[in-house]
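Since the structure comes first, as C-alpha cells, the remarks are kept for the end.
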Amino acid sequence: MISRTAATLLFSTLAMQLNAAPLDEKKIQFIGPIPTYNSIKPNNTAYQSKIIESLLPSLQKQTKALTIFGNDLKWQRMADVDTLTMAGIQVLKFNFAANRFIQGKLSLNGIKKAQVFLNGELLSGKESYDIHATTGDHQLIIVAEQVDNWHVVKIDYTPNSEHDSIALHNNKPFSLSAKQLFDAPTISAIGLSPNGRFYITTERHYSDNSGNTPITETVLKDRNNKIIYRFDGVTADSITWRSDSKQLAYMQEQQLKVLNLENLTTNTITSALEGASGFEYFNDDTLIFSWSKRPSDSKSLVKHYQGLEDRWSYARTNSQIYLLDIRSGLINGLTEGNLSHYLQDHDAQRNTILVSRNPQDYQAPPHRLTELIEININDGKKIPIGAYRTFNQAQYTSDGLYVIAGPDFANGLGRVLPKGTLANNYDGQLYWLDRQGKNAKALSKTFDPAIGNMTVLKSDDVILYVSDKDTKQLYLFDESKSRFKHIKTNLDVVEDFAITHTNHADILVKGTLASAPQQLKRISLKNNNAKQLWNSKELAYQHTSIASLEEFNFTNRSGVEVTGRVYLPHNLDKTKKYPALVYYYGGTSPVSRAFTGRYPFNLWAANGYVVYVLQPTGATGFGQAFSAKHVNAWGEYTAQDIIDGTKAFTQAYSFVDPKRMGNLGASYGGFMTMLLATKTDIFSASIAHAGISNITSYWGQGWWGFSYSGEASKNSFPWNNPTLYSQHSPVFHADKVQTPLLLIHGDADTNVPPGESHNMYTALKLLGKDVELIEYKGANHQILARDRRFQWWDTMLAYFDMHLKNQPQWWQHIYQK
C-alpha cells in the first residue's frame with residue numbers, strides 16, 4: 001500500500017504492474033463530526049445498526065449540507081480535512097463508475113468501528129469488504145464511529161483483475177439504476193370526488209429496510225393539494241364517493257366505514273365483511289357491492305373436475321351482488337344461484353341493476369359464454385338481454401346500453417374484415433344496444449384503437465380507455481356527433497383515470513412517457529388543458545441520465561408498416577460498435593411505452609445496449625386487419641417481421657454490431673424467442689421467459705390455454721389441424737437451434753406451466769445445445785417481489801454480458817459461486 005498523512009484518504013488499485021493510478025481523493029466527500037449527546041456513539045447502544053440505517057437516507061442524498069439536532073454540517077472534500085482526531089461520527093462518501101461488472105476488495109486501516117454501504121446496502125466485513133458492482137454509477141458510504149488517529153487512516157481498493165478498476169467522480173447526471181426504477185415513489189391508485197373538489201391518491205415506494213413490502217400512504221386532498229385526511233391501510237381505488245361528494249365509504253380491516261367530509265368524522269357501519277369488494281353508492285343511503293364465498297377446504301383424497309374452469313383455483317368461489325343500508329347496516333341479496341353474478345352497472349332511478357354471468361358452454365370459441373341480464377330489484381324480475389361469445393363490459397345510457405366487445409359481437413356487427421377472415425376478438429369495439437338487446441349499432445368500425453374499458457358521462461358521451469398502437473390513451477366518444485376525439489394527456493401510457501360527474505367533466509390521470517417517469521395530472525374536458533399535480537422525476541430522477549428515444553418503423557413483406565422504437569445509451573459514441581437487444585411480444589397486445597415495468601428498456605440502455613422494441617403483426621391497437629393476423633398464425637407472420645425488422649434496424653443504425661445481437665420476450669414473446677431460435681441465426685444469445693414450447697400442452701394445461709387458444713387457434717384443434725399444433729411448436733424443431741438460449745420460468749406459473757420450458761430444456765440438453773434453465777421458486781407468470789425482480793433483472797443482463805460483451809464474470813458471480 002501507499003501511505004499518506006494529514007487526514008487524506010488514499011485509494012490505490014491492484015498493483016503497480018497493472019499500471020494503475022491512485023483514485024482522485026478530491027472527489028471523496030467528508031462530513032462530520034456528527035454530534036452525539038453524552039458522547040454515546042451508536043456502537044455503544046443496543047440499536048447500533050438501526051441508528052445508522054435511520055441516518056442513511058439523509059447521507060445518500062446529493063446535497064451540500066445536512067442539519068442534525070440543529071447543527072448545520074457541510075460536506076467538504078476529503079483532501080481539505082486536516083484534523084488529527086474528531087469526536088462523534090464521521091462519514092466518507094464517494095461515487096464511482098463501472099463500465100462493466102466489477103469485483104474487488106475495499107480495505108480499511110485506521111478505522112476501528114465502521115459500517116460500509118454500497119448503494120444503500122450494508123456490506124459484511126470488518127477491515128475488508130467485497131465489492132461487486134454492475135455497469136453504471138454507484139455510491140459508497142463509510143460511517144466511521146471510532147478513529148483514533150486520522151493521520152494513519154488508509155483505505156485501499158484492490159481489483160480482482162485489471163478490468164475491475166473503478167473511477168471516482170462527482171458527475172451529474174448519474175446513470176439510471178434498477179433501484180430507482182423499482183423503489184421510486186409512484187402513485188399506485190387514484191380517486192376523484194364527483195364534484196371535483198377533492199381527490200385521493202395512494203403513493204407507494206420501496207426501500208432496503210422495507211424489503212418486499214411497499215411503503216404506502218393514502219391521502220385525501222383538496223383542489224389546492226392541501227391534505228385533508230389520511231387513511232390507514234386503505235387504497236384510493238377501494239374508496240367510493242356519494243354523489244354529493246359529502247361522504248365516502250371504504251373497507252378497513254373488514255369493517256365498512258363512512259367518512260363525513262363536512263366534519264371529517266368516521267362511522268363504522270358493519271364488520272365481518274370478509275370477501276366483500278367493489279362498493280359503490282347505489283343512492284345516498286345505500287351501497288351496492290359484490291360478496292364472494294370461497295368453498296371450505298376439501299379433505300377429499302381426490303378432486304373431481306366439473307369443467308375446464310376447475311383448473312382455476314378460484315373457480316368454485318361464488319360471487320353475488322348485495323345491497324347494504326348505510327343507516328341500519330341491513331344487507332339484502334340481489335342475486336343468487338350456482339353461477340356467480342358480476343355487476344356491470346346500476347340505475348337507482350329505475351331500481352335496476354345490469355349483471356353478467358358465465359354459464360358453462362364450450363360449443364364455440366373462445367369456449368366461454370356471457371349472459372347479460374337486467375334485474376329489477378323491486379320484484380327480482382330478470383330480463384335477459386343477450387348471450388354473447390365476446391363480451392368485455394356494459395353500462396347504461398339514457399335510452400339503452402353501451403357494450404364493449406370484439407368484432408364478432410352481435411353476429412359480427414363490428415367486423416370490417418373480408419369475408420372468410422377470422423377476427424381477433426381481443427380487439428375491443430364499442431356498440432350500442434337497446435335495453436331489450438334486440439337492436440344494436442356498431443360505433444367504432446372505422447376506429448382503429450382497441451377499446452379496453454369505458455365510463456359513461458351524464459350526456460351519454462363516453463370516456464374510452466384504449467390501446468392506440470403502442471400507447472394507452474383516452475378518447476371521448478361524442479354521442480351526438482358519433483365522433484371520437486383524442487383527449488390530450490401528453491402521456492404515452494395512461495395507467496389509470498378518474499372522472500368527475502359535473503357537466504364539464506374533469507379527469508384525473510396518472511401515467512408515463514417512454515422516457516419520463518410517472519406524472520399525475522388533472523385535465524379539463526372543456527378546454528382539453530392539463531395541469532400537473534405530481535411528478536416522480538422531481539422526487540427520484542432529478543440527477544439521472546435517461547436513454548434518448550427514437551422511432552424506427554419499417555415496411556414488412558406484406559407492405560404493412562411495422563412500428564418500433566429504439567433506446568440509445570447516454571454518451572453514445574457513434575464511431576464505436578454497440579451490442580443490441582431486440583424485444584417483442586408478438587401476442588395479441590403491443591409492447592407498452594411505459595417508462596418502466598417488468599422489462600426495463602431504459603435500464604438496458606443504461607447498461608450499454610442499444611434496445612430495439614418492435615410491434616410485429618397481430619397486435620391490437622393498429623386496426624382489425626392487423627390484429628386478425630394473430631389468429632391461427634402462431635408466429636407465422638410475427639417471426640418474419642422480427643427477423644426483417646432486426647435486419648432493417650442494424651442497417652439503419654451503423655453503430656450497432658450485427659454480430660452482437662440478443663433477443664428476448666416473455667409469455668407469447670417467450671414462445672417467439674424459442675421459435676426464432678429454430679428459424680434464424682442472426683442472434684448471438686436469446687432469452688425466453690415463461691415461453692410456450694408445445695402449443696398442444698399449453699392448450700391443455702395452462703389455466704387459460706383453452707380460452708386464449710379460442711382466439712389464437714380459432715376453430716383449430718389437435719385433431720383437425722395437427723400441423724398448426726406441431727409444426728408451429730418450437731420443441732418439434734429443437735434440432736435446428738444454434739443460438740445459446742436461456743429459459744426462465746416461475747415454478748408456480750399457472751398461465752404457462754413450467755413444463756413448457758422443461759420441454760425445450762430437455763430437448764436441447766439431449767441435442768448437446770447451449771441452454772440454461774433458471775426457475776424462480778414460488779413465482780407465477782410474472783416476477784413481482786422486489787428481491788426476485790432485482791435478481792431477475794441481473795440474470796438477464798449478466799447472460800447478455802456474457803455472450804454479447806464477452807464478460808462472463810457477472811454470470812459466474814451469480815450462478816457459479
Item to check | Partner of I774 under side-chain contact (heavy atoms from CB on, under 4.5 Å), chosen from L742, I687, L743 | outcome: L742
Next on the checklist: Would you call the rings of Y431 and F409 parallel, tilted or perpendicular, taking 30° and 60° as the class edges?
Outcome noted: tilted
Next on the checklist: Is it true that, when you exclude Q727 itself, more than 12 heavy atoms of the residues, nucleotides or ligands shown sit nearer than 6.0 Å to its CD?
Outcome noted: yes
Checklist entry - Are the side chain of N780 and the backbone N or O of Q782 linked by a donor-acceptor pair below 3.5 Å? => result no
Checklist entry - Angle class for the W291/Y322 ring planes (parallel below 30°, perpendicular above 60°, tilted otherwise)? => result perpendicular
Next on the checklist: Other residues, nucleotides and ligands only: do more than 12 of their heavy atoms fall within 6.0 Å of CG on N411?
Outcome noted: no
Checklist entry - Where the side chain of T673 meets the backbone of G665, is there a donor-acceptor pair that is under 3.5 Å apart? => result yes
Checklist entry - Just by modelled atom types, is the D427 backbone N or O under 3.5 Å from a matching donor or acceptor in the Q429 side chain? => result yes
Checklist entry - Any ion pair linking R786 and D208 (charged N to carboxylate O, less than 4.0 Å)? => result yes
Checklist entry - Any donor and acceptor pair, going by atom type alone, linking the side chain of Q344 with main-chain N or O of L354 inside 3.5 Å? => result no
Checklist entry - Is the distance between the ring centroids of Y668 and H630 less than 6.0 Å? => result yes
Checklist entry - For the residue pair Y708 and Y426, does the interplanar ring angle fall in the parallel (under 30°), tilted (30 to 60°) or perpendicular (over 60°) class? => result tilted
Checklist entry - What's the verdict on side-chain hydrogen bond (donor to acceptor under 3.5 Å, both in side chains) for S207 and N209, showing C-alpha distance, side-chain angles and the deciding distance? => result CA-CA 5 Å; S207 74; N209 290 338; 5.0 Å; no
Checklist entry - Which of these, D347, L323, T352, sits in a side-chain contact (heavy atoms from CB on, under 4.5 Å) with I377? => result L323
Next on the checklist: Less than 6.0 angstrom separating the ring centers of Y799 and H689, yes or no?
Outcome noted: no
Checklist entry - Using the ring of each side chain (for Trp, its six-membered ring), is Y314 parallel, tilted or perpendicular to W703, with breaks at 30° and 60°? => result perpendicular
Checklist entry - So, does Q252 use its side chain to make a donor-acceptor pair with the main chain of D232 at under 3.5 Å? => result yes
Next on the checklist: Can a donor-acceptor pair be found, under 3.5 Å and without considering hydrogens, that links the side chain of T620 to the backbone of T588?
Outcome noted: yes
Item to check | Short N-O contact, E371 and K382, less than 4.0 angstrom | outcome: no
Checklist outcome for this item: Residue set satisfying salt bridge (Lys or Arg N to Asp or Glu O under 4.0 Å) with E495, at least two apart, ordered chain then number -> K510
Next on the checklist: Within the supplied structure, the quantity of interest is the number of heavy atoms (other residues, nucleotides, ligands) at a distance under 6.0 Å from K714 NZ; does it exceed 12?
Outcome noted: yes
Item to check | Geometric class of the H346/F282 ring pair [parallel <30°, tilted 30-60°, perpendicular >60°] | outcome: tilted
Checklist entry - When the ring centroid of W811 is compared with that of F800, is the distance short of 6.0 Å? => result no
Checklist entry - Any sub-3.5 Å donor-acceptor pair from H803's side-chain atoms to G662's backbone N or O? => result no
Checklist entry - Between W634 and Y725, is there a donor-acceptor pair closer than 3.5 Å when you use the side chain of the first and the backbone of the second? => result no
Checklist entry - In terms of heavy-atom contacts, does NZ of K303 have more than 12 from other residues, nucleotides or ligands at under 6.0 Å? => result yes
Checklist entry - Does the S729 side chain pair with the main chain of I695, one donor and one acceptor, at a distance under 3.5 Å? => result yes
